[in-house]
Amino acid sequence: MQITDIETVRYSRTKRRSRDEKGHAHPGPERESTGTLTRVVVEGGPDGYCFGGDERANEVAKRHLVGEDPLYREELWNRLYRSQRLHKGTLHDKALCRLDMALWDVAGKVAGLPVYKLLGASRDEVPVYASTMVGDDDPDGLGTPEAYADFAADLVSRGFEAIKLHSWMPPYDADPERVVEMCRQVRAEVGRDVDLMLDSHHYYARTEAKRIGEALADLDFRWFEEPMDEHSLSAYEWLTNEVDVPIIGPETAEGKMQTRAEWAKRGVADIGRVGVTDVGGITPAKKVASLYESFGMECESHGDNVGNLHLLCSMAFPGRYHEYGLLHPKYDYEVADDPAVTNTPHPEDGVIEVPDGPGLGLDINWDYVEANRVE
């Protein structure tokens with residue numbers, strides 16, 4: 001059993017999102033886009049697939065993976081990880097994640113098991129939190145504290161029992177007092193039985209982050225996420241000791257499990273954070289989850305990614321929530337599904353089930369992919 005090729009399948013699709021000058025997503029007009037699918041081709045099958053991927057990174061990966069046994073995931077992941085030093089900007093963590101997940105897809109298909117059971121299952125479903133887009137200047141969108149409160153009430157009416165608010169970020173007004181007022185109005189609207197979290201502008205000064213954190217503690221928020229530059233462990237160590245609301249992190253800091261080990265050791269956050277795209281795949285994410293467990297820390301996943309869903313369903317120690325979104329009053333998240341996937345997971349009554357088919361469990365609409373293939 002050996003890998004014979006790494007392919008990047010490209011296909012056209014439409015999207016209804018745009019990005020502001022800082023890269024944050026907002027609802028937008030329908031536009032043409034290109035989707036990708038990473039395929040690990042295995043002699044005699046089964047092949048492994050993961051949506052997403054980077055053509056340049058996959059070309060680099062070929063040199064390390066072709067001719068190898070796809071079930072030697074640990075060896076292959078480490079080989080790619082150590083190659084990142086020479087391919088910065090090409091073999092980045094998101095691309096590494098897609099390759100790793102495709103290898104897990106192969107392994108699950110060989111075993112006839114979904115990935116979460118291959119990892120060691122703990123549950124088949126998890127609660128979700130509704131994760132909003134960042135704020136904007138649209139009073140009928142997320143342009144005012146009142147708009148956030150109205151949207152939060154709508155989300156609760158749709159069965160969500162937890163909501164994470166992405167507040168305003170530049171180029172929009174991210175004044176701490178405005179953010180606090182938004183959080184107050186949302187809490188007043190949904191009551192104390194709904195879990196609320198805040199993911200704020202990421203470059204506040206210590207004093208600004210403390211002001212927001214003190215208000216969130218009074219409002220009984222479940223956590224406060226990335227209010228300062230995550231490269232400064234000292235700033236987070238200070239903030240964690242200054243406020244009563246739990247601080248969660250790191251989210252996007254480079255360094256995979258090694259960085260997260262330093263955060264856990266130094267008590268830089270109250271709750272750990274990991275996402276498969278942030279650390280380079282399921283292989284390192286599982287190590288991070290076990291690391292946090294050994295420190296007695298909750299570990300919450302970052303991002304609406306099927307790999308995170310499989311990871312969460314293999315964890316007996318908290319993580320509680322899967323992130324679902326990004327959501328907005330003017331954006332229909334379910335209608336925006338990639339048409340190349342026929343069984344994208346969506347929650348019912350605030351709970352989402354992990355795909356139970358072999359491997360990652362996603363059903364690929366090959367008729368659509370081939371009809372819209374981009375060479």
Side-chain angles (χ1 to χ4, degrees), residues 81 84 92-94 97 129 131 162 164-167 169 174 176 179-180 183 195-303 305 308 311-312 315 317-323:
Y81 160 49
Q84 286 184 301
H92 48 80
D93 282 343
K94 287 186 178 180
C97 171
Y129 63 78
S131 188
K164 187 174 83 171
L165 308 166
H166 284 90
S167 58
M169 302 184 192
V179 172
V180 168
C183 292
D195 266 348
L196 293 178
M197 308 80 140
L198 177 67
D199 189 346
S200 71
H201 172 50
H202 311 315
Y203 297 98
Y204 285 119
R206 289 187 182 193
T207 51
E208 293 174 314
K210 181 181 177 181
R211 171 70 189 94
I212 297 171
E214 289 173 336
L216 297 184
D218 292 340
L219 294 169
D220 195 26
F221 268 54
R222 186 176 181 88
W223 73 60
F224 186 18
E225 183 173 338
E226 204 177 356
M228 300 180 293
D229 189 334
E230 288 186 337
H231 292 104
S232 176
L233 274 71
S234 295
Y236 275 89
E237 189 172 26
W238 176 85
L239 184 64
T240 299
N241 290 323
E242 287 289 320
V243 298
D244 291 331
V245 65
I247 303 299
I248 187 171
E251 179 175 310
T252 57
E254 309 91 329
K256 302 180 175 64
M257 53 274 190
Q258 292 90 342
T259 294
R260 284 148 183 84
E262 292 301 320
W263 278 58
K265 178 184 175 183
R266 290 181 53 172
V268 176
D270 301 292
I271 303 171
R273 192 72 152 151
V274 68
V276 292
T277 58
D278 300 321
V279 297
I282 294 172
T283 297
K286 183 64 174 175
K287 296 175 183 180
V288 172
S290 297
L291 164 75
Y292 285 131
E293 182 177 359
S294 70
F295 276 86
M297 292 177 66
E298 296 175 63
C299 174
E300 294 291 347
S301 70
H302 170 232
N305 182 295
N308 287 331
L311 176 69
L312 278 167
M315 293 166 53
F317 196 82
R320 177 167 176 77
Y321 289 114
H322 179 67
E323 183 168 12

Mind running side chain to side chain contact (heavy atoms under 4.5 Å, CB included) on Met197 and Tyr321 for me, showing each step along the way? CA-CA 11 Å; Met197 308 80 140; Tyr321 289 114; 3.8 Å; yes
Using a 3.5 Å distance criterion without hydrogens, assess whether the side chain of [X] forms a donor-acceptor pair with backbone atoms of [Y].
| X | Y | value |
| --- | --- | --- |
| Glu230 | Thr252 | yes |
| Asp270 | Thr240 | no |
| Glu300 | Arg320 | yes |

Go through the steps to decide whether Phe224 and Ile212 satisfy the test side chain to side chain contact (heavy atoms under 4.5 Å, CB included), and finish with yes or no. CA-CA 9 Å; Phe224 186 18; Ile212 297 171; 3.6 Å; yes
Considering non-hydrogen atoms only, spot the tightest contact between [X] and [Y] and give its length.
| X | Y | answer |
| --- | --- | --- |
| Asn305 | Val276 | OD1-CG2, 3.5 Å |
| His202 | Asp199 | CE1-OD1, 3.3 Å |
| Ala269 | Ile247 | CB-O, 3.5 Å |
| Val268 | Glu237 | CG1-N, 3.9 Å |
| Met257 | Pro284 | SD-CB, 3.9 Å |
| Tyr292 | Cys299 | CD1-SG, 3.6 Å |

Can you tell me how far apart [atom1] ([X]) and [atom2] ([Y]) are? Round to the nearest 0.5 Å.
| X | Y | atom1 | atom2 | result |
| --- | --- | --- | --- | --- |
| His302 | Asn308 | NE2 | CG | 8.5 Å |
| Leu311 | Thr283 | CG | OG1 | 10.5 Å |
| Ile282 | Lys286 | CD1 | NZ | 10.5 Å |
| Lys265 | Leu233 | NZ | CG | 11.5 Å |

Report yes if the side chains of [X] and [Y] come closer than 4.5 Å at any heavy-atom pair, otherwise no.
| X | Y | result |
| --- | --- | --- |
| Pro227 | Leu239 | yes |
| Ser131 | His166 | yes |
| Leu219 | Leu196 | no |
| Val245 | Leu198 | no |

Just jot down the side chain to side chain donor-acceptor pair (under 3.5 Å) partners of [X], sequence neighbours excluded, or say none.
| X | value |
| --- | --- |
| Lys94 | none |
| Asp93 | Gln84, Lys256 |
| Glu242 | Lys210 |
| His322 | Asp304 |

Residues Glu226, Arg273: salt bridge by 4.0 Å N-O rule: no
Using a 6.0 Å cut-off, check whether atom CG of Asp229 has over 12 heavy atoms from anything other than its own residue. yes
Quick one: do the His231 and Glu254 side chains pair a donor with an acceptor below 3.5 Å? yes
Tell me, with the steps shown, if Glu298 and Arg222 meet salt bridge (charged side-chain N to carboxylate O under 4.0 Å, His left out). CA-CA 12 Å; Glu298 296 175 63; Arg222 186 176 181 88; 3.5 Å; yes
Which residue pairs satisfy the ring pair (Phe, Tyr, Trp, His ring centres under 6.0 Å) criterion with at least one member in residues 234-291, sequence neighbours excluded? Tyr236-Trp263
Applying ring pair (Phe, Tyr, Trp, His ring centres under 6.0 Å), can you list everything that pairs with His201, at least two apart in sequence or on another chain?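 Applying ring pair (Phe, Tyr, Trp, His ring centres under 6.0 Å) to His201 gives Tyr203, Tyr204.
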